[in-house]
Amino acid sequence: MSADLNEPPSPSQHARSLVRMALLFEGSLWLAAIALGWLLGVPLRDFLPAGGDWTRWLGEIGFGILGSLPSLAVLLLMLAFPNGPWRNLVRFVDREVIPLFRSLRWPALALIAVLAGCGEECLFRGVVQSVASRWCGLAVGVCVANALFALGHWLTPLYAIFALLMGLYFSGLFLMAGSGLIAPIVAHAIYDFAALILLLRKDRAAQR
């Protein structure tokens, strides 16, 4: 019995546990966004196209896909030149972050990316940025939202700075979309999914 207790979890068990944690964490961000938005008078539906307005839905999705391209270009640049000024960030992700995802297949990675895009954009861009902008002005709203976004990603100071820059970019997409959440959600999810896929491929190639 004790040997079974000390036995490390199998890859499939680890994968299920990681997906459950992502569902719990990112889902809690989404619920927090709904609750705070309702309490502070900024319901999330105000940042979404009307239910039957498919033209606007497709337009914002397309804008989000296009909006993901600059962030993906930055990612590819970092991977192509891993010894650049971002080398410590790349090494930290390779050493500490990617091993957590080794046992996951692409559907689970896609689910985690979508959950992150929805939960984080709804909370930080939809609620925090909008409320802070209403109270203190746009510049303060963007700074507050992304300072909190960076703190929420504080694994190392450099990782938090990178998250801050990405958050500022997603804030720009949010504003360019007319305070629409679909574009930053799509761009965020695509970036996270691509980053996980590319980094895991690099990790598996290195292991071989």
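This chain uses plain numbering: 1 for the first residue, then up along the sequence.
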- Message: Within a 6.0 Å radius of atom CH2 on Trp86, are there more than 12 heavy atoms belonging to other residues, nucleotides or ligands?
- Response: yes

- Query: Is Ile61 reachable from Met176 through a run of I, L, V, M, F, W or Y residues, each pair having side-chain heavy atoms under 4.5 Å apart?
  - Reply: yes

- Query: Could you state the interatomic distance from CD1 (Ile112) to CD (Glu26), rounded to the nearest 0.5 Å?
  - Reply: 9.0 Å

- Message: Could you check whether atom CZ of Arg95 has more than 12 heavy atoms from other residues, nucleotides or ligands sitting under 6.0 Å from it?
- Response: yes

- So CZ of Arg201 and CD1 of Ile98: to nearest 0.5 Å the spacing works out to 13.0 Å

- Message: Taking the cut-offs as 6.0 angstrom to the six-membered ring centre and 45 degrees off its axis, would you call Arg125 and Phe149 a cation-pi pair?
- Response: yes

- Value rounded to 0.5 Å, distance of CZ in Phe101 from CG in Leu109: 7.5 Å

- Item | Side-chain (Ser179) to main-chain (Leu175) donor-acceptor, under 3.5 angstrom | no

- Can you tell me how far OG of Ser71 sits from CG of Leu165, rounded to the nearest 0.5 angstrom? 12.5 Å

- Item | Separation of His188 NE2 from Leu181 CG (nearest 0.5 Å) | 12.5 Å

- Note on the structure: When rounded to the nearest 0.5 Å, the distance separating CD1 of Ile185 from CG of Leu173 is 11.5 Å

- Query: CE of Met21: more than 12 outside heavy atoms within 6.0 angstrom?
  - Reply: no

